[in-house]
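Written below as C-alpha cells is the structure these notes are about.
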Amino acid sequence: MFGRLREALNRASEHIARGIIDTLAYREIKPEDLQPLLDDILLDLVESDVALEAAEAIVAGVREELVGSRIRRGEPVERVVREALRKALLALLDPGPRPDLAGEARARCGGRPLVILFLGVNGTGKTTTIAKVAYMLRKAGVTPVIAAADTFRAGAQEQLAAHAEKIGVPIVRGRYGADPASVAYDAIKHAQSRGFCAVLVDTAGRMHVDSNLVEELRKIVRVSNPDYKILVVDSLTGNDAVEQARLFNEAVGVDGVIVTKVDADPKGGTLVSVAHAIRKPILYLGTGQGYEDLEPFDPQKTVNRLLE
Amino acid sequence: MMEGVRRAVAKFLKGGGVYEKAVDAFLRDLQRELIKADVNVKLVLSVTRSIRERALKEEPPPGVTRRDWMIKIVYEELVKLFGGEQEPQVEPPKTPWVILLVGVQGSGKTTTAGKLAYYYVRRGYKVGLVSSDTHRPGAYEQLKRLAEEAGAMFYGEKEGDPADIARRGLEELLQRGAEVVIVDTAGRHGHGEEAKLLEEMRAIASKVRPDEVALVIDASIGQKAMSLAERFHKSTPIGSIIITKMDGTARGGGALTAAAVTGARIKFIGTGETLSELEPFAPRRFVARILGMGDLESLLERI
Ligand SMILES: Nc1nc2c(ncn2[C@@H]2O[C@H](COP(=O)(O)OP(=O)(O)OP(=O)(O)O)[C@@H](O)[C@H]2O)c(=O)[nH]1
Ligand SMILES: Nc1nc2c(ncn2[C@@H]2O[C@H](COP(=O)(O)OP(=O)(O)OP(=O)(O)O)[C@@H](O)[C@H]2O)c(=O)[nH]1
Ligand SMILES: [Mg+2]
Ligand SMILES: [Mg+2]
C-alpha cells in the first residue's frame, strides 16, 4: 500500500518537473504571434493568383491548426507557419492517385474504348491539349481517335484536323452546325469498329453560366458517357477559376483537371483555386504550344514555386 | 452573386459611429471586392490609400453628407484608373485606319477581329481583315470565315514570315479600297521560349505601322495582367484595350490593371461569341461591375 502511494507521489513530482521543463522549453503560439504572418501570407497567395476565397480558407486552416499549439522556444514562429502552409497546400493539390490514361486505354483494347472528354470556357487550350494527349497516347502505343465535336467555332474543325494530321491520328469530323453529341457518338462507334482503344472528345468552349450551352454539354456527356471529363483551365485565370471549376463540376461532374499556358510564367495560384473549389486531381500542365509540352503535374514543384 | 460592395456601401451610408472608423471598415470591404475582381493587389492598395486620404480631407459641398461624398470619391478614383468618365472614341479619326490586334494565346483576338469588322461594316466602312497567324493551326480558316460572315475583305497566307504577310495584306487591301484594316496576329506571352514572339510582334508593327495597337485581354485574367500588359506595351506601345468574355462571371479587374499600366483606353468589350456581341466600353457600367454593384447610377445621381 505504501509502495503504491510512493509510486503515485513519484509520478506526480515527475509530472510537475516535466511541466517546469516544458514551460521552459516550449511556448504556446498566440493569435497575435500569427496574425501579421498570416496577413502577409494571404497577400502573397492572392498575388500568386490564388482566388481570395481559396486563400482565406487556407490561411484560416493554418491559423486553426497552430493557435494554441506549442513550439520549442527559440524556434521562429515564421518557420512553423510556413511548414504548416506547405503541408496544407500539398494536401490540397495532391488529393490522391492520378490515373494512368495510356495504361487504362490499353486495358480497353478490344472492348469499349476509353472515352475522355475535354471541356472548359473559351480559349483555355482544350483543342491544343487534346492534340498533346493524342500525341502522348500515340507514343505510348495506344493511338486514339479524335472526335471534333466543336461544330460551332469558326476554324475549330480545321484546327483539330491539322493537328490530327501532323500527329498521325484518325479524326472524326462534324459539319459546322451539326449536333456535337452525334459527332462524339460517331467517333466512339468508329473507334470501336476499327479497334482503337481511346477516343478524345473536343468540345466547343463555353461559359459555365450559359445555360443553353451547358445543357448541350450535358447532352454530349449523356451520349458519349465518358470515362473521364477533364476540365481545361488557363493558368492565367484569376478569381474566376473557382467559379469555372465549381459550375462545370456541378453541371457535369469533373474527373480531372489540366491547367494550360503554365509557360506564361504564372506563379501557379490558379491550380490552388481549382483544387480548393472542386478537390479533383490535376493531371497535367500545358507548358507550351508544341506537342511535347504536356507535363505530368508535380504538386511538390508547384508548391515550391508558390512559396518561393 | 454580384452583391459585392453594395452591402458595404449600404452599411457605410446608413451606419452611425465614427466617420474615420467607418471609412476604414468600408475600405477593407472595398479591397476585398477589388481583389476578387482581379485588380492588381498593389493597385488596390494604392487606390484605396488615395481614397482614404481624400475621404478624410475633403469637405463635401453643401447639402451632401460626408458619407455620400465618400462614395463619390470611390467612384472617381476608380474611373481615373482607366482614363476617365468619357465614353471612348470608336470612330476612326481618319481613313484608312489600321488596327493591329495583339494579346495572349486564346484571349479572343481573331474573334474580336471579326467583331470589329462587323462593327465597322455596319457603320458603312469598307473593312479588310489580315491573318498573319502562321503558328496556330486553323487560324487562317477561322479569320477567313469570320470575314465572310462580317462582309469584310480578307487577306491571309498560311505560311511564311508574319511581318511580310501582314505588309502584303495591308497593301493589297488598301488597293482594294479598304478604309479600316484590322490585322490579326498569333497569340503570345513573351516569356521563356516565346521571347522571340515579341520580336515577331515588333516586326509586324514596324512593317504595317498601325494607327492603333489594340491589346485584347480576357476578362478572367488574374494578377499576371500587369506584367503581361507591360511586356506588350514595351514591345509595341498599346493604344487601346478590348476586354473579351465579359459574358462569363469574371469581373475584368485584370483589364483595368492593364489600362492603368499602359495608359491605354479601354474601347470595347466582348460579350459573347457571335460577331454582333461587341459593345463600346461604358466606364460607369464597368466600375459597377468591378465593384460588384448592379446599380451605381442611382447613387451617383443622388450626389
Ligand atoms: N503558350 C501556350 N499556349 C497554349 C498552351 N495551350 C494552348 N495554348 C494556345 O492557346 C490558344 C488557344 O488554344 P485552343 O486549343 O484553341 O483553345 P480551346 O480551349 O480549344 O479554344 P476554344 O475551342 O475556342 O474554346 C492557342 O493559340 C494555343 O496554341 C500552353 O500550354 N502554352
Ligand atoms: N463567351 C465569349 N467567348 C469569346 C469572346 N471573345 C472570344 N471568345 C471565344 O474565345 C475563344 C478564343 O478566341 P480566339 O479569337 O480564337 O482567340 P485568339 O486570341 O485569336 O487565340 P490565338 O490566336 O490562339 O491566340 C473562342 O472560343 C472564341 O469564340 C467573348 O466575348 N465571349
Ligand atoms: Mg477548341
Ligand atoms: Mg487567333
Side-chain angles (χ1 to χ4, degrees), chain A residues 43-44 46-53 55-56 121-125 127-128 131 152-163 165-166 176 204-210 213 234-244 247 260-261 263-267 269-270 273 287-290 293, chain B residues 1 32-33 35-42 44-45 104-111 114 135-149 158 186-194 218-225 227-228 244-245 247-254 272-273 275:
Chain A
L43 268 191
D44 282 350
V46 164
E47 286 202 280
S48 305
D49 268 325
V50 178
L52 185 62
E53 175 192 325
E56 285 178 339
V121 300
N122 306 84
T124 54
T127 304
T128 309
F152 175 73
R153 208 210 65 227
Q157 293 287 320
E158 290 88 344
Q159 181 187 10
L160 200 49
H163 281 306
E165 193 187 339
K166 269 196 227 162
Y176 283 105
R206 69 198 72 223
M207 285 299 165
H208 43 294
V209 283
D210 185 322
L213 292 182
D234 184 332
S235 67
L236 295 170
T237 313
N239 281 266
D240 200 44
V242 167
E243 226 76 50
Q244 293 176 16
L247 293 185
T260 59
K261 309 181 199 171
D263 51 314
D265 198 37
K267 282 297 219 84
T270 307
S273 305
T287 57
Q289 302 188 78
D293 297 328
Chain B
M1 186 171 36
R32 297 194 66 229
E33 282 318 306
I35 284 173
K36 276 203 275 187
D38 298 315
V39 181
N40 181 274
V41 170
K42 297 207 169 62
V44 170
L45 297 179
V104 178
Q105 284 92 349
S107 55
K109 296 171 294 299
T110 306
T111 308
H135 298 277
R136 170 174 163 176
Y140 172 97
E141 289 87 351
Q142 184 183 6
L143 191 66
K144 186 161 192 277
R145 189 171 129 205
L146 293 173
E148 277 159 24
E149 267 178 51
K158 290 187 186 181
R188 67 201 78 221
H189 55 68
H191 279 277
E193 306 240 301
E194 283 199 7
D218 188 319
S220 73
I221 193 168
Q223 294 289 320
K224 256 288 187 184
S227 69
L228 282 169
T244 59
K245 309 182 197 174
D247 48 320
T249 44
R251 294 214 206 140
E273 292 191 74
L275 290 186

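A, B, ... follow the sequence lines: proteins, then strands. Residue 1 opens every chain. Note that the structure is predicted; figures quoted are calculated from it, not measured.
Across all their heavy atoms, Glu273(B) and Phe152(A) have their closest contact at OE1-CE2, 3.6 Å. Scanning both residues, Gly248(B) and Val209(A), for their nearest heavy atoms gives CA-CG2, 4.1 Å. The two atoms that bring Ala250(B) and Asp240(A) nearest to each other are N-OD1, 3.4 Å, heavy atoms only.
Rounding to the nearest 0.5 Å places OG1 of Thr128(A) at 6.5 Å from CZ of Arg136(B). Taken from CD in Gln142(B) to CD in Gln159(A), the straight-line distance is 7.0 Å, to the nearest 0.5 Å. Between the CE atom of Met207(A) and the NZ atom of Lys245(B) there is a distance of 6.0 Å, given to the nearest 0.5 Å. Separation of atoms CG (Asp38(B)) and CG (Asp49(A)) is listed at 6.5 Å; rounding is to 0.5 Å. We find the NZ-NZ distance between Lys261(A) and Lys224(B) to be 14.0 Å, quoted to the nearest 0.5 Å.
Under a cut-off of 6.0 angstrom, the local environment of CD in Glu148(B) is crowded, with over 12 non-hydrogen atoms contributed by other residues, nucleotides or ligands.
Within the 4.5 angstrom heavy-atom criterion, only side-chain atoms of Tyr176(A), from C-beta onward, approach chain B. Looking at Lys267(A), neither its backbone nor its side chain comes within 4.5 Å of chain B, counting heavy atoms on both sides. Using a 4.5 Å cut-off between heavy atoms, Glu53(A) makes no contact with chain B at all. For a residue to count as touching a neighbouring chain, one of its non-hydrogen atoms must lie under 4.5 Å from one of that chain's; by this rule Ala51(A) does not touch chain B. Only the side chain of Gln244(A) comes within less than 4.5 Å of a heavy atom of chain B; its backbone N, CA, C and O stay farther away. In this structure, no portion of Leu143(B) lies under 4.5 Å from any heavy atom of chain A.
Among the candidates Ser220(B), Gly114(B), Gly254(B), the residue making the largest number of heavy-atom pairs closer than 4.5 Å to chain A is Ser220(B). When the candidates Lys42(B), Gln105(B), Glu149(B), Lys144(B) are compared by the number of heavy-atom contacts under 4.5 Å with chain A, Gln105(B) comes out ahead.
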>> Working note: Asp210(A) + Asp247(B), criterion side-chain contact (heavy atoms from CB on, under 4.5 Å); need CA distance, chi angles, decisive distance, verdict.
In response: CA-CA 9 Å; Asp210(A) 185 322; Asp247(B) 48 320; 5.8 Å; no
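Asp218(B) has its side chain out of reach of Leu236(A): every pair of non-hydrogen atoms, C-beta onward, lies at least 4.5 Å apart. Looking at heavy atoms from C-beta onward, Asn122(A) lies out of side-chain contact with Thr244(B) at the 4.5 angstrom threshold. Taking 4.5 Å as the limit, some side-chain heavy atom of Glu194(B) sits within range of a side-chain heavy atom of Gln289(A).
A salt bridge does not link Glu158(A) with Lys158(B): none of the charged nitrogens is closer than 4.0 Å to a carboxylate oxygen.
In this model, no donor atom of one side chain and acceptor atom of the other lie less than 3.5 Å apart for Asp265(A) and His189(B).
Side chain of Asn239(A) to backbone of Ile35(B): a donor-acceptor contact under 3.5 angstrom is found.
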